[in-house]
Amino acid sequence: MKKSFSRIIAIALLFVAGVQTISAQSQVANSKRERILQVLDQSRPNEYVPAAFFLHFENKLGRKAVQDHRDFYRATNMDFVKVFYEIVVPQVDIQSGKDWEKVPVYGEDFFAPQIAVIEDLAREFKGEAFILPTVYSPLALASQTLGRGKDLKKLAEENPAAFGKAIKNLSLSIENYLRAARKRGADGFYVSSQGGDGNSLSPEVWNKYVRQWDKHVSEVANEIGEINILHICDYGTPFKNAEALYAFVDYPASIINVPLNFSDGSTLNLKEAQKRFGRPIFGGLERLGVIAIGTVEEAKAAVDKVLENASPNFILGADCTVPGETDWEKLRAVIDYAHTWRQTHK
């Protein structure tokens, strides 16, 4: 019911936008790209706080997926178009560590359905906002390759060299996706790094066989993209503390999206993180916290606390994807509130 109502809201917003002149639309459109670029310039404080939240849509690919992305972007007034990655690599029969050698490199054609969604959204919004497709990590694709019910860590450690070869091939597959997406309209990428938490893989396997290829994804994105976000993912496997995050400081990216809570009970200091990474931080709110289950007023109060303690050049968001049932109207209210926060809280 919420989704249906949110779609009505999105359509209504489009009608409102339609009464503006073409020149006014153009002026507004250009500003979202410019405002993101202003945040990247850390030589001066930023008055405008960009904001964005992400959720998975019921329709994964095709025209309906494009429409879902379009409706969500318009309804929430977020500051860039984040395109969800929804391609799943085939499962490979891996019974022992040596079987990782079966994992191939997937070419650009494999990713064609996802590229089509990117191309359609870029055609509509490229002049207005940055188009940033999601990029899964090689380790995430290795999990898809293995399938559910198998112990990835155990099978990786059975034959680390074979596992490393699979990770390399999956990283090169992702590179094919990146280059195809860039050619078809992506401005940059939302790159997910996964596996450096010390729980999903042993430090030895991560450092010797995985890290270079995990980092390679960010390096390619940096080479070809105009702007990129590095998402340090802790889904299901939290990092011990903030110091563990700073092992990623050499990954190239324009903006860093980081976890907020750690397994030792500590929490992230946003200003310290921005100082250590030397780049704007994107996030501040817990994906399963008030943004998902609280009221609008509770969410705004949480935004107050975040922005009071964040650096001036900051992008409001969540530490990961919010639940699919999250109210779009609440997200819009929070995003609009963030946009003017620095003007209204002087």
Side-chain angles (χ1 to χ4, degrees), residues 54-57 60-61 83-107 110-111 113-114 133-178 189-218 220-221 230-240 244-245 247-248 251 257-259 263 287-288 319-321 323-324:
F54 317 133
L55 51 79
H56 282 283
F57 303 113
K60 305 301 182 186
L61 298 165
V83 188
F84 266 94
Y85 177 85
E86 300 289 4
I87 294 287
V88 178
V89 297
Q91 288 188 27
V92 174
D93 185 22
I94 297 176
Q95 299 297 330
S96 69
K98 184 174 176 54
D99 290 336
W100 287 111
E101 294 181 354
K102 301 175 185 178
V103 177
V105 175
Y106 299 98
F110 175 79
F111 301 99
Q114 187 68 66
T134 307
V135 182
Y136 276 12
S137 68
L139 188 66
L141 267 59
S143 295
Q144 292 180 356
T145 297
L146 189 61
R148 294 183 178 181
K150 292 186 177 180
D151 190 333
L152 184 144
K153 185 175 182 179
K154 177 177 179 293
L155 287 166
E157 293 176 359
E158 265 187 29
N159 194 325
F163 181 68
K165 181 180 177 181
I167 290 293
K168 175 183 177 180
N169 285 350
L170 292 170
S171 181
L172 295 176
S173 301
I174 296 167
E175 179 175 348
N176 288 332
Y177 165 59
L178 293 173
F189 302 94
Y190 178 86
V191 177
S192 177
S193 172
Q194 194 170 7
D197 48 76
N199 296 319
S200 53
L201 293 171
S202 69
E204 294 76 19
V205 172
W206 165 258
N207 289 320
K208 186 173 182 179
Y209 295 101
V210 179
R211 189 182 194 276
Q212 63 176 317
W213 292 109
D214 185 71
K215 184 181 176 185
H216 178 74
V217 176
S218 291
V220 173
L230 174 64
H231 169 59
I232 303 174
C233 187
D234 67 344
Y235 181 74
T237 52
F239 287 82
K240 181 179 179 181
L245 299 184
F248 294 86
Y251 278 50
N257 180 228
V258 286
S263 61
R287 71 183 189 93
L288 300 178
D319 52 357
C320 200
T321 306

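In this chain, numbering begins with 1 at the start of the sequence shown. Only heavy atoms go into these numbers, but all of them, side chains included; no hydrogens, no water, no symmetry mates. Since the structure is predicted, the reported quantities are computational estimates derived from the model, not experimental observations.
Between Phe248 and Phe239, the ring-plane angle classifies as perpendicular under the 30° and 60° cut-offs.
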Derivation and outcome, salt bridge (Lys or Arg N to Asp or Glu O under 4.0 Å), residues Lys208 and Glu204: CA-CA 6 Å; Lys208 186 173 182 179; Glu204 294 76 19; over 6 Å; no
As a quick check of understanding, evaluate side-chain contact (heavy atoms from CB on, under 4.5 Å) for Ser193 and Ser137, giving each step before the final call. CA-CA 5 Å; Ser193 172; Ser137 68; 5.7 Å; no
As a quick check of understanding, evaluate side chain to side chain donor-acceptor pair (under 3.5 Å) for Gln194 and His231, giving each step before the final call. CA-CA 9 Å; Gln194 194 170 7; His231 169 59; over 6 Å; no
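Remark: Trp213 CH2 to Ile174 CD1 distance equals 11.5 Å, nearest 0.5 Å. Atom OG of Ser96 is separated from atom CG of Asn159 by 7.5 Å, given to the nearest 0.5 angstrom. Going from atom CG of Leu55 over to atom OG1 of Thr321 covers 8.0 Å, rounded to the nearest 0.5 Å. To the nearest 0.5 angstrom, Cys320 atom SG is 12.0 Å from Ile232 atom CD1.
Counting only N and O atoms by type, the side chains of Asn257 and Tyr190 include a donor and acceptor under 3.5 Å apart.
A heavy-atom distance below 4.5 Å is found between the side chains of Pro113 and Ile87.
What you find for Ser263 and Lys240 is that their closest heavy atoms are OG-CA, 3.2 Å. The nearest pair of heavy atoms linking Glu157 to Ser202 is OE2-CB, 3.1 Å.
Salt-bridge formation is detected for the pair Asp99/Lys102: a Lys NZ or Arg NE/NH1/NH2 atom is positioned less than 4.0 Å from an Asp or Glu carboxylate oxygen.
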Under 3.5 Å, which donor-acceptor pairs link side chains of residues 138-150 to any protein atom two or more places apart or in another chain?
from: Ser143; atom 1: OG; to: Leu139; atom 2: O; distance (Å): 3.3
from: Gln144; atom 1: OE1; to: Val89; atom 2: N; distance (Å): 3.0
from: Thr145; atom 1: OG1; to: Leu141; atom 2: O; distance (Å): 2.8
from: Lys150; atom 1: NZ; to: Ile94; atom 2: O; distance (Å): 3.0

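The distance between the ring centers of Tyr177 and Tyr85 falls below 6.0 angstrom.
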